[in-house]
Amino acid sequence: MRIGVDLGGTKIEAITLRDDGSAGLRKRVPTPRDDYEATLEAITGLVHALERESGERGTVGIGMPGAISPATGLVKNANSVWLNGRPLSPDLSQRLERPLRFANDANCFALSEASDGAGEGARVVFGVIVGTGTGGGVVVDGRVLTGPNAVAGEWGHNPLPWPRGAEAPGPPCYCGRRGCIETFLSGPGFARDHREQTGEDREPAEIVARATAGDAAASASLERYEERMARALATVINVLDPEVIVLGGGMSNLDRTYVNVPDLWGRHVFSDRVDTRLVPPAHGDSSGVRGAAWLWAPGEG
Ligand SMILES: [Zn+2]
C-alpha cells in the first residue's frame, strides 16, 4: 500500500493508493499553522490512522511547499514559512520509522498527471500550477526531475519573455525580482493586470465571467493573459520539449486556454511545427496527494 500526504498551507490531506492507481481511504486535518512540532504530529497521526483503518503498513510520500535543500537537508522556499530551516525529513522519518520521499507540491502534481492522468504515456511531462502562484515540475520517464538546487521546473520566477511596453521591468515579485512570470500568470497577477488596465478591482473568476459574457475590457485582459502564457510556455518548449504540458490550479479550468494558447505559442518556438499538447488535469485537486503517493512505485519499499 502506498500513502500520499499533501502538506498544504491550510490543510494536510492523506490518502492510500492501490497498486492500480485507484484511491482508497482519505483523511484530512487543518494545518497547525506556525507550529512545527504540531505539524509533525498531524502528519504522523494521519499516516497511523490510515494504517490502523486499512490494517496495512505503507510507503509514505510527502508533497510539500518549497523543497528540501540537497545541500543542507533543511526545508527552503516554503511559503508555509514555519517549515523553512527545519529538518523535516529526518524528523518525520524517525517518527514514522521508515524512509520517506519528499517532493514539491508542483512536482507531485506533475508526477500524478504523468503517471495515470492527462500526461499518461508521455516520456516528458511539464506540470504547471497556475493559481495563487505559478509552480512547475518536470517528470521524465515517470520520475520527478530534481537537480542540485532542487528548482527544476520553477519557471515562475523567470522573467516574462519577449516583454513589451510596461512588461519590463514589470511588477515587483515577492521573490525580490521584477517582472517574474508569476506576476502575470498567477490569479492575483491576472487581477492586478486587469486593474491597471481598466481601474476595475475584480476577482479572476469575475473577469473570466465578464469576458465570457462579452465584456470588451475583460476579454482584452483574458487575451493578454493567454498571449503571455503562450510566450512563457514557448520558452519551456524550447528548453525541455515536453510531449505534454498539464495545467492545474485555479487558473486552469477555462476551456479556451487549451485552444488559444497553443494557437499563439508557435511563433516563439524554434520549430516549424509544435506537437506539444496543452491539456487540463485529469485528477483536479487530488493530483498533489496522489503524486505524493506515486513517489513510490507499486511494490517498491
Ligand atoms: Zn519572482
Side-chain angles (χ1 to χ4, degrees), residues 7-10 63-72 74-85 102-110 126-138 144-197 201 203-204 207 221-222 224-240 242 245-252 257 261 265 268 278 288:
L7 170 50
T10 55
M64 55 181 285
I68 292 178
S69 163
T72 66
L74 306 176
V75 176
K76 67 170 184 177
N77 292 352
N79 54 7
S80 300
V81 290
W82 67 95
L83 301 175
N84 285 326
F102 290 83
N104 172 271
D105 42 17
N107 288 349
C108 287
F109 166 77
F126 185 61
V128 187
I129 298 180
V130 278
T132 52
T134 48
V138 181
V144 172
L145 181 71
T146 50
N149 309 296
V151 295
E154 290 294 351
W155 72 317
H157 299 280
N158 287 338
L160 183 71
W162 300 284
R164 304 164 183 166
E167 289 176 350
C173 182
Y174 76 87
C175 74
R177 297 169 186 84
R178 297 186 72 106
C180 290
I181 286 169
E182 178 160 321
T183 66
F184 295 98
L185 295 190
S186 65
F190 176 49
R192 190 216 66 250
D193 178 70
H194 183 75
R195 192 169 57 242
E196 282 176 5
Q197 296 293 326
D201 201 2
E203 292 292 310
I207 303 168
S221 293
L222 197 50
R224 277 193 308 282
Y225 182 86
E226 289 165 344
E227 198 277 329
R228 287 167 176 159
M229 181 179 281
R231 277 186 264 159
L233 289 178
T235 58
V236 172
I237 297 171
N238 280 338
V239 173
L240 196 63
I245 298 175
V246 191
L247 292 186
M251 295 297 291
S252 71
T257 307
V261 171
W265 67 21
H268 303 295
L278 181 68

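None of these values were measured; they are calculated from a predicted model. Along the sequence shown, the residues carry numbers beginning at 1. All ligand and atom numbering here is 1-based and tracks the order in the structure.
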### Task
Give a yes or no on whether the backbone of His268 and the side-chain of Asn238 come within a donor-acceptor separation of less than 3.5 Å.
yes

### Query
Is a donor on one side and an acceptor on the other found under 3.5 Å between the side chain of Asn104 and the backbone of Gly66?
yes

### Task
Sort by chain and number the protein N/O/S atoms found under 2.8 Å from the Zn ion (ligand 1).
His157 ND1, Cys173 SG, Cys175 SG, Cys180 SG

### Query
Between Arg178 (side chain) and Gly170 (backbone), is there a donor-acceptor pair under 3.5 Å?
yes

### Query
Can you tell me if Glu182 uses its side chain to pair, donor with acceptor, with the backbone of Thr134 under 3.5 Å?
yes

### Query
Distance-only, no hydrogens or angles: does the Ser69 side chain make a donor-acceptor pair with backbone N or O of Thr72 under 3.5 Å?
yes

### Query
Between Phe184 and Arg192, is there a cation-pi geometry (under 6.0 Å to ring centre, at most 45° from the normal)?
yes

